[in-house]
**Student:** 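What follows is a single structure, and I will ask about it in a moment.
Just so you know, these numbers use all the heavy atoms, side chains as well, and skip hydrogens, waters and symmetry mates. Lettering of chains follows the sequences in order, A, B, ..., and the numbering in each one begins at 1.
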Protein chains: 2
Amino acid sequence: MAGDQSTKTEARLRQAGLRPTRQRMALASLLYAKGDRHLTVEELHEEAAAAGIDVSLATVYNTLHQFTEARMLRVLAVEGSRTYFDTNVSDHHHFFIEGRNEVVDIPMGNISITNLPEPPEGMEVAHVDVIIRLREKAK
Amino acid sequence: MAGDQSTKTEARLRQAGLRPTRQRMALASLLYAKGDRHLTVEELHEEAAAAGIDVSLATVYNTLHQFTEARMLRVLAVEGSRTYFDTNVSDHHHFFIEGRNEVVDIPMGNISITNLPEPPEGMEVAHVDVIIRLREKAK
DNA sequence: CTGTGTGCAAACTCTTTGCATAAGT
DNA sequence: ACTTATGCAAAGAGTTTGCACACAG
């Protein structure tokens with residue numbers, strides 16, 4: 001039934017310690033309805049508008065940051081001025097298509113990195129990011 | 001003798017098709033005097049000022065972009081709002097120290113990535129970036 | 001001289017913040 | 001009711017651009 005989806009979303013928010021407000025529910029639904037996604041604030045804002053959900057840009061920013069702190073999202077370190085958010089929080093890597101500014105997941109388990117160097121004294125590894133930058137093949 | 005360094009810098013600029021102006025010479029000297037470096041525009045601007053070289057911020061931006069096009073520099077894809085430039089153009093990877101916003105080279109040849117996935121149809125790999133994010137170890 | 005490069009200030013983009021209003025529990 | 005979230009508009013960072021002046025060849 002239709003209620004199931006929003007019930008799940010609400011549970012997810014509560015678990016994260018966030019009150020399930022209209023806006024959070026709406027944004028979370030958009031984010032998690034279609035599987036793993038990579039988007040910018042701007043994109044999500046437009047998507048929300050298109051879906052008839054009238055949230056301010058500032059609220060999208062705030063909300064995505066709250067989601068990130070709650071580990072419902074990850075921030076992607078792709079070069080460029082915009083911040084990409086990734087709905088897939090698990091350990092995985094990315095293709096980045098230059099010229100198109102598009103982020104694509106690299107199928108899990110495909111990459112292994114060997115000979116990882118020791119971190120310097122007193123440091124520990126927080127995360128390893130691999131970004132494979134692609135361009136369209138010249139023909 | 002003192003002239004050697006600037007002669008080399010001038011040659012480097014000419015080879016890149018850039019006229020060796022005062023500002024370019026000065027910035028290039030700062031960049032390449034101390035081995036491989038990672039810096040932001042702001043940092044280089046301050047360094048120049050400290051060295052008594054009075055360049056405008058806009059010129060630093062313009063110059064670093066020109067150097068990048070000339071492949072004398074590389075832009076680093078570290079998350080965050082600032083752009084890092086790397087004077088080491090060869091193929092290598094980086095540590096990024098969170099909280100300190102510091103970039104450190106990973107000694108060459110230490111990392112190997114296996115099982116690199118096939119790029120999608122019609123795409124080719126432009127570059128592979130590995131960023132190992134470090135944090136200070138809790139004690 | 002002639003064409004490029006530079007400096008400045010203003011414009012721009014993306015993002016964050018302060019504060020009054022609105023909504024959740 | 002009481003607390004937390006939202007919206008708006010304004011501020012803030014980092015970066016880019018347009019145009020007059022200055023310098024390199």
Side-chain angles (χ1 to χ4, degrees), chain A residues 6-7 9-30 38-49 52-70 72-73 75-85 101 103, chain B residues 6-7 9-30 38-49 52-70 72-73 75-85 101 103:
Chain A
S6 60
T7 305
T9 304
E10 179 173 343
R12 190 200 289 271
L13 288 172
R14 289 199 189 282
Q15 218 171 333
L18 298 171
R19 298 207 310 217
T21 64
R22 272 183 202 49
Q23 294 83 342
R24 285 174 183 163
M25 290 290 287
L27 295 177
S29 299
L30 287 174
H38 311 90
L39 14 81
T40 63
V41 168
E42 202 70 45
E43 285 165 1
L44 184 57
H45 185 236
E46 279 167 25
E47 225 176 82
I53 302 156
D54 188 28
V55 281
S56 75
L57 197 54
T59 296
V60 179
Y61 274 104
N62 293 333
T63 303
L64 291 189
H65 286 147
Q66 290 156 359
F67 286 4
T68 302
E69 275 167 47
M72 293 167 54
L73 289 177
V75 172
L76 288 192
V78 202
E79 135 199 353
S81 42
R82 307 160 194 268
T83 303
Y84 283 82
F85 292 87
N101 281 15
V103 179
Chain B
S6 60
T7 305
T9 304
E10 179 173 342
R12 190 199 290 271
L13 288 173
R14 289 198 189 282
Q15 217 170 334
L18 297 171
R19 298 207 310 218
T21 65
R22 272 183 202 51
Q23 294 82 345
R24 284 174 184 164
M25 289 290 287
L27 294 178
S29 299
L30 287 174
H38 311 90
L39 14 82
T40 62
V41 168
E42 203 70 45
E43 285 164 3
L44 185 57
H45 185 236
E46 280 168 23
E47 226 176 81
I53 301 156
D54 189 30
V55 283
S56 76
L57 197 53
T59 296
V60 178
Y61 274 104
N62 293 333
T63 303
L64 291 189
H65 285 147
Q66 290 156 358
F67 286 4
T68 301
E69 274 168 47
M72 293 167 54
L73 290 177
V75 173
L76 288 191
V78 202
E79 136 199 352
S81 41
R82 309 161 194 269
T83 303
Y84 283 81
F85 291 87
N101 282 13
V103 179

**Student:** Quick one: closest heavy-atom pair of Ser56(A) and His45(A), and the distance?
**Tutor:** C-NE2, 3.9 Å

**Student:** If you measure only the distance, is there a donor-acceptor pair under 3.5 Å linking the side chains of Ser6(A) and Thr9(A)?
**Tutor:** no

**Student:** What are the residues of residues 16-27 of chain B, sorted by number, that bring a heavy atom to within less than 4.0 Å of DNA chain C?
**Tutor:** Arg19(B), Thr21(B), Gln23(B), Arg24(B)

**Student:** Check whether any side-chain N or O of Ser56(A) sits under 4.0 Å from OP1 or OP2 of dG7(D), and answer yes or no.
**Tutor:** yes

**Student:** Could you give the angle between the helix axes at the two ends of the helix from dC1(C)-dG25(D) to dT25(C)-dA1(D), with five pairs per end, rounded to 10 degrees?
**Tutor:** 30°

**Student:** Can you list everything that forms a side chain to side chain donor-acceptor pair (under 3.5 Å) with Glu10(A)? Sequence neighbours excluded, please.
**Tutor:** Arg14(A)

**Student:** Side chains of Glu47(A) and Ile53(A): does their closest heavy-atom pair fall under 4.5 Å?
**Tutor:** no

**Student:** Find every protein N or O atom lying less than 3.5 Å from an N or O atom of nucleotides 19-22 of chain C, and list the pairs.
**Tutor:**
none

**Student:** Of all the heavy-atom pairs spanning Asn101(A) and Tyr84(A), show the shortest one and how long it is.
**Tutor:** O-OH, 2.9 Å

**Student:** Return the minimal non-hydrogen interatomic distance between Met72(A) and Ala16(A), and the atom names on each side.
**Tutor:** SD-CB, 4.0 Å

**Student:** CD of Glu10(A) versus P of dA5(D): gap in Å, rounded?
**Tutor:** 15 Å

**Student:** Using a 4.0 Å cut-off on protein heavy atoms (strictly under), produce a 5'-to-3' string for nucleotides 9-22 of chain D with B for base contact, S for backbone-only sugar-phosphate contact, and - for none.
**Tutor:** B----SBBB-----

**Student:** Check Val103(B) against His38(B) and note the closest heavy-atom contact, atom names and distance.
**Tutor:** O-ND1, 3.4 Å

**Student:** So which atom in Leu30(A) and which in Ala48(A) form the shortest heavy-atom distance, rounded to 0.1 Å?
**Tutor:** CD1-CA, 3.6 Å

**Student:** Provide, to the nearest angstrom, the distance between the CG atom belonging to Asp54(B) and the P atom belonging to dC23(D).
**Tutor:** 13 Å

**Student:** I need the minimum non-hydrogen distance between Val55(A) and Gln23(A), along with the two atoms involved.
**Tutor:** CG1-CG, 3.3 Å

**Student:** Which residues pass the side chain to side chain contact (heavy atoms under 4.5 Å, CB included) test with Thr83(A), not counting sequence neighbours?
**Tutor:** Val75(A), Phe85(A)

